[in-house]
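Since we're looking at a predicted model, the values are computed, not measured.
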Amino acid sequence: MAQRLFSSNLLRLIRQLHIFVVEGRGYVKEAGYWQGITDDIRSIKGLEENPLNLVAWISGCLEDFKAVEGPKLLIFDAVAYLYKVCNRRRKKSLRTIFLVQDRAVFNG
């Protein structure tokens with residue numbers, strides 16, 4: 001009974017939130033996963049972008065998320081994927097690029 005009560009209360013709370021998804025693969029076949037359950041979906045084909053463009057894109061997404069009023073939930077889908085893409089393509093890590101741009105987003 002406790003699990004059902006927890007689950008139902010959690011779902012009730014989530015339905016009140018503005019759900020904002022940032023997705024880094026840009027796979028067309030996966031686009032439908034979020035449709036109908038989110039309020040905002042931002043997607044990019046991370047493999048086709050250079051790290052600086054990815055950082056600018058992520059920063060823009062975060063600014064848009066901050067502008068949303070009221071209760072909200074930010075979901076990063078495939079952020080580890082973006083991190084790998086950036087680290088493979090440059091000697092500087094994604095974290096370093098954010099710090100250089102005065103955008104200390106990642107703390108790890």
Side-chain angles (χ1 to χ4, degrees):
M1 181 167 145
Q3 293 98 351
R4 287 187 195 102
L5 181 59
F6 174 78
S7 298
S8 64
N9 284 334
L10 181 62
L11 290 172
R12 203 171 286 114
L13 173 66
I14 289 174
R15 292 175 81 172
Q16 297 172 11
L17 299 174
H18 182 102
I19 300 174
F20 194 107
V21 176
V22 176
E23 189 277 315
R25 292 185 194 207
Y27 290 165
V28 175
K29 66 180 181 178
E30 295 179 0
Y33 295 165
W34 296 107
Q35 290 180 346
I37 59 170
T38 63
D39 299 295
D40 282 295
I41 303 171
R42 305 298 162 88
S43 184
I44 192 170
K45 291 184 179 184
L47 278 178
E48 297 176 9
E49 295 294 330
N50 71 50
L52 293 176
N53 288 347
L54 282 175
V55 168
W57 178 78
I58 292 170
S59 294
C61 290
L62 293 174
E63 290 300 318
D64 292 344
F65 176 74
K66 283 191 231 176
V68 173
E69 294 187 18
K72 53 194 168 189
L73 173 66
L74 176 62
I75 299 172
F76 272 101
D77 185 24
V79 74
Y81 172 81
L82 291 177
Y83 193 79
K84 284 183 197 176
V85 168
C86 287
N87 286 337
R88 260 191 309 185
R89 292 192 174 185
R90 289 183 62 102
K91 292 186 180 184
K92 291 181 182 178
S93 72
L94 184 60
R95 181 178 186 270
T96 303
I97 294 168
F98 269 103
L99 290 172
V100 167
Q101 293 191 358
D102 282 330
R103 302 259 186 201
V105 175
F106 292 106
N107 292 321

Review point. Does Lys72 make a cation-pi contact with Phe65 (under 6.0 Å, within 45 degrees of the axis)?
Key: yes
Point to revise | Rounded distance (nearest 0.5 Å) linking atom OG of Ser59 with atom CG of Asp64 | key: 11.0 Å
Revision key, fill the gap. dist Phe20:CZ -> Thr38:OG1 (nearest 0.5 Å) comes out at 10.0 Å
Check your understanding: Which residue, Val68, Ile14, Ile37, forms the side chain to side chain contact (heavy atoms under 4.5 Å, CB included) with Ile19?
Key -> Ile14
**Study point:** Gap between atom CD1 of Ile41 and atom CD of Glu23 - 0.5 Å precision
**Key:** 9.0 Å
**Study point:** ILVMFWY network linking Val28 to Val22, side-chain heavy atoms under 4.5 angstrom
**Key:** no
Practice item. May I have all residue pairs that pass salt bridge (Lys or Arg N to Asp or Glu O under 4.0 Å) and include part of residues 30-41, sequence neighbours excluded? Key: Asp40-Arg42
Practice item. To the nearest 0.5 Å, tell me how far Arg25 CZ sits from Ile44 CD1. Key: 14.5 Å
Revision key, fill the gap. Scanning both residues in full, the closest heavy-atom pair of Gly26 with Ser43 reads CA-OG, 3.3 Å
Revision key, fill the gap. Rounding to 0.5 Å, atoms CG (Leu13) and CG (Leu17) come to a distance of 5.0 Å
Point to revise | Any Leu62 side-chain heavy atom under 4.5 Å of Leu74 side chain | key: yes
Point to revise | Atom pair CG (Asp77) and CH2 (Trp34), whose distance is rounded to the nearest 0.5 Å | key: 5.5 Å
